[in-house]
Amino acid sequence: MIEIGSFIKLERTKRNMTQGELSEGIVSLSYLSKIENKKTKASPEIIQLLCDRLGIEVMDGTDLQIEEKCNEWYDMLFDRYDKQVMIAKYEELQQLMNRSINNHTLMFEIHQIRYYCVLRDLGKALQKMNEIHNMADSFNYEESYYWHKFKGNYYTFKEEYDKAIRSYKLAEEQIRLANIDEQEIADLNYALSIAHNNLWEDLEAIDYAKLAMEVFQRNYNFIRCAQCHILLGISYQRIKKPERALKHYNLAMHLGELNKSQDIIYLTHYNLGYFHSVVGNSEEAIKHYLIAIEEKNLEYKTKLETFTRLIQELYTIGDYEKAKACLQQAKEILELAKCKYDKFYNNFYDYIIQVYTYLLNGDVRKFRSILADDFIPYLTQQEDYGNLVFYAELLAVQLEKMGKYKESVQYYKVANRSYNKLIKL
């Protein structure tokens with residue numbers, strides 16, 4: 001069991017009780033503070049009085065009902081599971097866990113980080129991390145593994161991939177000591193592949209995706225195999241091996257269709273769209289993007305990402321009417337998404353929509369202003385070199401058409417510098 005003082009502090013804060021309210025008539029305020037901060041060990045009698053006031057009991061041994069329900073809930077904490085069922089199971093379990101401090105309390109608290117990440121409530125995930133941070137030095141090897149892994153999940157959802165990799169690596173160090181099973185190790189390797197992929201560290205992404213897929217194949221987990229194929233496709237595309245990239249995308253599509261997984265089918269069409277866009281085949285890219293946006297259960301961010309890619313390709317081939325129609329849909333989605341996503345996504349997609357609105361309406365002055373004064377400085381600050389290459393070149397081309405050759409060269413140079421930074425990542 002963990003130091004009981006840490007749990008008393010956790011349960012007190014969850015009930016919005018002050019130290020004064022908990023300690024009154026039992027111990028002094030300063031003594032309770034020492035108990036909570038593990039600076040002293042209180043007698044069993046005092047612990048019992050504090051727990052009575054909190055309305056909880058300290059249980060010895062294992063409660064098989066709680067163990068079974070915890071394991072059932074832990075197995076649900078993936079995007080593919082029904083969120084309402086997940087929430088209902090959590091609320092049922094929370095009622096049981098609120099009655100006692102038991103052998104599963106700490107693991108339950110740690111898994112709540114993952115739970116809130118899956119629900120995309122990153123504020124509550126961070127709050128839970130802060131609540132149990134001071135307990136970390138009391139974790140056993142298994143608890144430490146999940147603590148670091150779920151922190152990595154949080155940083156991945158925040159798109160802070162360097163931090164995510166550091167956390168995942170700390171989890172990796174606990175594997176042998178914690179006796180983690182191979183399916184769980186495969187999931188960690190998959191998470192590491194995603195983080196490296198987003199940092200354009202493609203060789204590392206390939207290595208981890210292959211390690212994960214070996215286990216998923218052995219266990220006939222074809223959906224996870226398909227996810228690995230998509231990661232491999234992206235990485236091989238970046239290191240200029242298009243045949244291998246296409247092979248992995250096609251394998252992902254085959255597995256998605258075989259398992260009737262709309263998520264996999266969408267992701268594959270989206271990535272095939274980007275693949276054909278990069279090689280300059282806009283017609284084929286548009287075909288895949290149009291299929292991708294037919295998926296009705298996409299998150300707003302995913303819809304915005306797909307629509308903005310589609311708008312770019314439609315503009316490239318000169319189909320301005322369809323581009324305008326897609327632009328209007330993107331505006332409506334962004335309006336719906338504004339209350340859900342953080343400032344970064346709202347700003348990023350708002351800038352893209354403004355750029356193409358001015359471009360398609362022929363408002364050259366505003367187009368030039370939004371890119372030169374706002375969007376390109378914003379992308380520079382975010383170190384988003386991939387989009388910097390695209391939008392700096394887009395501005396350079398328009399300036400060249402306007403006869404602004406000196407200014408055009410300036411933005412071609414921005415695009416070139418950004419590309420050089422991108423390939424060095």
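Side-chain polar atoms of N197 and S193 form no donor-acceptor pair below 3.5 angstrom. There is a side-chain donor-acceptor pair under 3.5 Å between Y266 and T306.
Applying the side chain to side chain donor-acceptor pair (under 3.5 Å) criterion to Y168, with sequence neighbours excluded, gives N153, T156. By the side-chain contact (heavy atoms from CB on, under 4.5 Å) test, D121 is found to be paired with Y116, K124, residues two or more places apart in sequence or in another chain being considered. Taking K413 as the reference, nothing meets the side chain to side chain donor-acceptor pair (under 3.5 Å) condition, with sequence neighbours excluded. Shown here are the salt bridge (Lys or Arg N to Asp or Glu O under 4.0 Å) partners of E407, two or more places apart in sequence or in another chain: R368. For the side-chain contact (heavy atoms from CB on, under 4.5 Å) test, residues two or more places apart in sequence or in another chain that qualify with K83 are D79, M86, V118, L119. The ring-ring contact (aromatic ring centres under 6.0 Å, His included) test applied to Y236 returns H248, not counting sequence neighbours. Under the rule for a salt bridge (Lys or Arg N to Asp or Glu O under 4.0 Å), the partners of D187 that lie at least two apart in sequence or sit in another chain are K149, R224. For Y74, the ring-ring contact (aromatic ring centres under 6.0 Å, His included) partners two or more places apart in sequence, or in a different chain, are H111. Y208 is linked by a ring-ring contact (aromatic ring centres under 6.0 Å, His included) to H196, counting only residues two or more places apart in sequence or in another chain. Every residue two or more places apart in sequence or in another chain that forms a side-chain contact (heavy atoms from CB on, under 4.5 Å) with E91 is listed here: I87. For K169, the salt bridge (Lys or Arg N to Asp or Glu O under 4.0 Å) criterion is met by E172, not counting sequence neighbours.
Under the 4.0 Å criterion applied to side-chain N and carboxylate O atoms, K69 and E72 are not assigned as salt-bridge partners.
Between the NZ atom in K322 and the CG atom in L314 there is a gap of 7.0 Å [rounded to 0.5 Å]. To the nearest 0.5 Å, atoms CD (E109) and CE (M97) are separated by 7.5 Å. With rounding to the nearest 0.5 angstrom, the CD atom of Q354 is 4.5 Å from the OH atom of Y358.
Aromatic pair Y315/Y320: centroids less than 6.0 angstrom apart.
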Which donor-acceptor pairs under 3.5 Å do the side chains of residues 269-276 make with protein atoms, sequence neighbours left out?
unit_1, atom_1, unit_2, atom_2, d
H269, ND1, H288, ND1, 3.0
Y270, OH, E305, OE2, 3.2
Y270, OH, R309, NE, 3.1
N271, ND2, L267, O, 2.8

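Using cut-offs of 30° and 60° on the angle between ring planes, the pair Y220 and F222 is perpendicular.
When all heavy atoms of E182 and V215 are compared, the pair lying nearest together is O-CG1, 3.6 Å. The two residues Y190 and C228 come nearest to each other via the heavy atoms CD1-SG, 4.0 Å. Taking each heavy atom of K421 and Y385 in turn, the nearest pair found is CD-CE2, 3.4 Å.
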